[in-house]
Protein chains: 2
Amino acid sequence: MRSYGQYCSIARALDVVGDRWTLLIVRELLLQGPCRFTDLKKGLPGIATNLLSSRLRELEEAGLITREDAPPPVATALYTLSEDGLALEPVLKSLGLWGLRFMTDERPDDAFQGRWLAYAPVWFTTDADPDGPPVVIQVVAADETAVIELRDGRIHTRLGHATDPDLVLDGPPRAVLGLLTGVIDRELAGRLGLSVHGRRDLLTRLQPVTQD
Amino acid sequence: MRSYGQYCSIARALDVVGDRWTLLIVRELLLQGPCRFTDLKKGLPGIATNLLSSRLRELEEAGLITREDAPPPVATALYTLSEDGLALEPVLKSLGLWGLRFMTDERPDDAFQGRWLAYAPVWFTTDADPDGPPVVIQVVAADETAVIELRDGRIHTRLGHATDPDLVLDGPPRAVLGLLTGVIDRELAGRLGLSVHGRRDLLTRLQPVTQD
DNA sequence: CAGCATCCCCTCGGATACTG
DNA sequence: CAGTATCCGAGGGGATGCTG
């Protein structure tokens with residue numbers, strides 16, 4: 001990216017991560033941890049391979065990622081976020097929190113991945129009753145499944161299925177994620193096709209975080 | 001900007017503000033308040049006028065700014081951040097905080113403006129002794145002057161000169177801003193050409209903020 | 001002079017094909 | 001699997017011109 005040529009930390013940050021795709025590559029590395037080329041490509045539907053390889057080179061030159069040859073079982077290059085790269089997490093959080101306001105716009109062709117189902121509750125919600133009993137929520141959206149666990153005031157998520165969840169949410173991504181992140185209410189979620197089974201009272205445990 | 005086509009709030013945020021110059025336009029509107037076309041152009045050295053006008057149109061369509069015809073004394077259009085636009089402040093703060101790590105790189109041709117001297121302390125530092133006595137610091141860098149006032153735990157800045165400041169910092173932007181934001185120490189600032197007059201002990205009052 | 005629109009040129013991004 | 005090579009169109013930068 002051409003430099004903005006301004007002695008301002010925002011402009012200098014954008015000199016490094018302002019290129020198209022760059023912040024989404026960092027998102028993938030934050031969500032998945034160290035990745036191979038193909039892992040990144042899968043997580044970034046639509047990116048051209050030449051762009052991905054050139055962005056990875058630029059990120060390495062800027063010191064945001066390191067490229068290592070993985071040990072024998074894998075035998076391929078692994079891209080890992082450096083300390084400077086990991087430090088972008090608050091930037092992606094605030095950007096994603098701001099972007100929630102656009103998640104209700106209907107764009108049926110948008111790609112959707114289970115990982116995005118998993119990180120949203122962790123980054124954008126808090127447990128309203130941190131001292132309350134543990135809760136296990138199963139979420140299903142667009143053939144992707146994830147488990148949200150509330151325990152000790154922390155929110156954990158993982159892909160896959162839960163055994164005996166307290167609450168099950170199933171529906172299109174807009175309905176499930178919209179309700180979880182608080183951008184739509186339960187009534188609208190229902191009209192968008194959300195089905196809820198189990199202890200729906202537990203939904204109040206998840207509260208949208210407020211910025212700063 | 002071409003959409004990323006992902007149902008992810010980070011990707012959707014970048015669909016709106018990921019274009020080149022867009023976030024810097026928002027920065028100007030946050031720092032200056034409502035602006036005329038020419039105010040923005042002055043604050044964004046290097047932007048082409050056609051790009052500025054097209055970005056302003058896109059920002060208006062996205063609902064981030066409003067365009068109003070100013071009352072008679074000005075008789076020109078005024079661009080103002082909407083609520084959604086103002087909500088980008090935490091994004092710019094976290095981005096700028098992250099970008100501080102690049103402010104020590106020497107790039108002599110970078111443009112520098114007094115406003116950037118003023119916002120850095122407000123966004124990136126806190127008063128380490130909020131109950132301490134009020135402090136007035138005069139900063140001078142690259143012919144730009146600003147006043148930093150610490151009072152009641154708050155940090156205020158304005159462009160211009162102070163009468164009888166407690167402390168005066170004068171030097172190249174890298175030295176002044178680097179020291180204020182904590183990315184370089186006093187010794188290095190001195191070697192970069194910083195001159196300090198007055199109560200240099202007051203410098204400890206300004207502490208870099210930590211992210212999240 | 002403020003606020004664009006137009007032009008040219010060149011870089012960048014996107015899609016596809018191809019290789020170690 | 002992990003990229004590189006290539007082509008083409010879109011977008012950015014810069015200069016200039018137009019309109020009130």
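Order of the sequence lines fixes the chain letters, A, B, ..., with proteins taken first and strands second; residue numbering starts at 1 for each chain. All values below come from the heavy atoms of this structure, side chains included, with hydrogens, waters and symmetry mates left out.
Sorted by first then second residue, the ring-ring contact (aromatic ring centres under 6.0 Å, His included) pairs that include residues 154-197 of chain B, not counting sequence neighbours, number zero.
Per the geometry, CZ belonging to R36(A) stands 11 Å off P belonging to dG3(D), to the nearest Å. Rounded to a whole Å, the CG atom of D19(B) is 16 Å from the P atom of dA10(D). Atom NZ of K41(B) is separated from atom P of dG3(C) by 12 Å (rounded to the nearest Å). R20(B) has its CZ atom 13 Å from the C1' atom of dG14(D), to the nearest Å. Between F37(A) atom CZ and dT19(C) atom C1' there is a gap of 14 Å when expressed in whole angstrom units. Residue I25(A) contributes atom CD1, which lies 13 Å from atom C1' of dG13(C) at whole-angstrom precision. Distance, R67(A) CZ to dC1(D) C1': 12 Å, rounded to whole Å. Going from atom CG of L78(B) over to atom P of dC4(C) covers 12 Å, rounded to whole Å.
Salt bridge K93(A)/E89(A): present, at least one basic N to carboxylate O contact under 4.0 Å. Under a 4.0 Å N-O distance rule, the pair R191(A)/E187(A) qualifies as a salt bridge.
Residue Y79(B) places no side-chain N or O under 4.0 Å from the OP1 or OP2 atom of dA2(C). Residue Y4(B) has no polar side-chain atom (N or O) positioned under 4.0 Å from OP1 or OP2 of dG14(C).
S195(B) and D170(B) share no side-chain donor-acceptor pair at under 3.5 Å. Side chain to side chain, S94(A) and S94(B) meet the donor-acceptor criterion of an N or O pair below 3.5 Å.
Just one of L24(A), L31(A), L30(A), L97(A) meets the side chain to side chain contact (heavy atoms under 4.5 Å, CB included) condition when paired with L92(A); it is L30(A).
Between dA2(D), dG14(C), dC4(C), one nucleotide has an atom nearer to the side chain of T38(A) than all others, and that is dA2(D).
Checked against salt bridge (Lys or Arg N to Asp or Glu O under 4.0 Å), D110(B) has the following partners two or more places apart in sequence or in another chain: R12(A), R107(B).
For DNA chain C, the neighbouring residues in residues 42-60 of chain B, judged by any heavy atom under 4.0 Å, are T49(B), N50(B), S53(B), R57(B).
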